[in-house]
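Below: one structure, written as structure tokens.
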2 protein chains.
Amino acid sequence: MVTDSKESEEKILKAAFSVFLRKGKAGARMQEIADEAGVNKSLLHYYFRSKDKIYLAVLKHTVENFILTIVQDLELTSDLKEIIKKLISKQINTIKENSQIFQFFMGEVWMNPDEVKNVFRETLKILDKSALLVIMERIEDAVRRKEIRKVSPFQLIVNIFSLDIFFAILSPILFEMTDFTEAERAAIVENRAEEVFNFVWESIRLRKEE
Amino acid sequence: MVTDSKESEEKILKAAFSVFLRKGKAGARMQEIADEAGVNKSLLHYYFRSKDKIYLAVLKHTVENFILTIVQDLELTSDLKEIIKKLISKQINTIKENSQIFQFFMGEVWMNPDEVKNVFRETLKILDKSALLVIMERIEDAVRRKEIRKVSPFQLIVNIFSLDIFFAILSPILFEMTDFTEAERAAIVENRAEEVFNFVWESIRLRKEE
DNA sequence: AAACAGTCTAACCATTTGGTTAATATAATT
DNA sequence: AATTATATTAACCAAATGGTTAGACTGTTT
């Protein structure tokens, strides 16, 4: 039944997103995407020309998500401490809710580094980076005001994101190295945002006498 | 020419390692492995039964590398500060030298989480974990001696490794967000170990009056 | 030197895969 | 209602892929 023209395209994209995220570029199958979209396989080639093109669409979406997660649009509290606390908690929540996206991204970065890099560059041109710039300014402000020690805003943000994402992706495996019970593990995951904030803030805040 | 029996097996393994690391499980091709090993494709099935089995061998090797990188065998300086400094610099060097392994690992974790988890568990049983335990004890000692603030040894080690590996894998892409020149980027990469150590140490060291 | 066992290969196979084609169904336009 | 443009599908195809088989080569044992 020919119901609706552009809805098919969306259904395909949605299905492609789901399949590529689960199987990766090499593992994804056109037939599986078609099935999941409830559509004939030829239609995939009708709307997108090839597997590569569909993959590209998915990759774009993924990269956008990735960047927006790092940046995060925060209400601009004046207090850097609050800004960082909110940034971390928002990042961790976003990662938790979309962990597949980030795992996929980490995987594809290595499989198709050039393609990912290109898409990354393109996406950066389009996206609004003001939120990131504001945070960086706040960090520099705080350094000037001696609220925190001298740090590179870029490296600080990278450090924060590292602490957020790596744990989110690998914690199930890392826990294998420990004797924690299920309950303890859950508690650690639950408190990760606080732990990261503490770790970061203790590192950068300036004490009175220093 | 039939030269040597067990050398073929090794050549195959080596080639498999190279191909799987570059292409991932789904993207790797038996023929490519055979070619790279300079061997008939049937021989792959003669020594290993299937693609899955070869993959498993590669995965095991990878996981071992991964764990050994986290753990690192250090000479046991008495000073925790020195231990951490050495741990970070060794981890970063290992990651830099074998970045493919870690990128592959991060990718496979999400594609075959259960398989990876199993291999991880198995490998943990075999490997000598005493080095890790010693470091953890040192951390707890240092807490007792009020050299550092109260931290969970597990989380501290995870945090350190996060800061090491995430940057190593993603820095080329993250730099796209900045205006750094090539020289500046190189300098940042070069100094990453020091940056991480500072970040960590500033976070955990206890000041006199605290 | 004959028999044997282990190693290795060429040829082959069934299945899967991305992609194409030609025809059909539906919606839009005249 | 006839024509045209757009969606959609079933059937098909060539190439690629993991795997098998039957035989050949080589070194060892008898």
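Throughout, a chain's letter reflects where its sequence line sits, starting with A, and its residues are numbered from 1. Computed from a prediction, not measured in an experiment: that's the story for all the values here.
- In this view, B:Arg192 and A:Gln155, A:Asn159 satisfy the side chain to side chain donor-acceptor pair (under 3.5 Å) rule, not counting sequence neighbours.
- In this structure, A:Phe48 atom CZ and D:dA7 atom P are separated by 13 Å, rounded to whole Å.
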Would you list the protein and nucleotides 10-12 of chain D atom pairs, both N or O, that sit under 3.5 Å from each other?
| residue | atom | partner | partner atom | Å |
| --- | --- | --- | --- | --- |
| D:dA10 | OP2 | A:Asn40 | ND2 | 3.1 |
| D:dA10 | N7 | A:Asn40 | ND2 | 3.3 |
| D:dA10 | N6 | A:Ser42 | OG | 2.5 |

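- Evaluation of the side chain to side chain donor-acceptor pair (under 3.5 Å) rule for A:Thr94 yields A:Gln72 as partners, not counting sequence neighbours.
- For A:Lys25 and A:Tyr55, the positive end sits near the middle of the six-membered ring, less than 6.0 Å away and at most 45° from its axis.
- Remark: B:Glu75 engages B:Lys86 in a salt bridge (charged side-chain N to carboxylate O under 4.0 Å, His left out) (not counting sequence neighbours).
- A cation-pi geometry, defined here as NZ or CZ lying under 6.0 Å from the six-membered ring centre and within 45° of its normal, holds between B:Lys85 and B:Phe197.
- Side-chain nitrogen and oxygen atoms of A:Tyr46 include none within less than 4.0 Å of the OP1 or OP2 phosphate oxygen of D:dT8.
- Ring geometry for A:Phe102 against A:Phe66 counts as tilted: the plane angle lies between 30° and 60°, on a 0 to 90° scale.
- The phosphate of C:dC8 (OP1 or OP2) has a side-chain N or O of B:Tyr47 nearer than 4.0 angstrom.
- Going from atom NZ of B:Lys51 over to atom P of C:dT15 covers 19 Å, rounded to whole Å.
- To the nearest angstrom, C1' of D:dT20 lies 14 Å from CG of B:Leu43.
- Atom CG of B:Leu44 is separated from atom P of D:dT20 by 12 Å (rounded to the nearest Å).
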Practice prompt. Test A:Ser50 against A:Asp52 for side chain to side chain donor-acceptor pair (under 3.5 Å), laying out the working first.
Written response: CA-CA 5 Å; A:Ser50 62; A:Asp52 273 322; 5.0 Å; no
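- Nucleotide D:dT20 holds its P atom 6 Å from the NE2 atom of B:His45, rounded to whole Å.
- Within residues 17-38 of chain B, the residues that have a heavy atom under 4.0 Å from DNA chain D are, in order of number, B:Ala28, B:Arg29, B:Met30.
- Applying the salt bridge (charged side-chain N to carboxylate O under 4.0 Å, His left out) criterion to A:Glu140, with sequence neighbours excluded, gives no partner residue.
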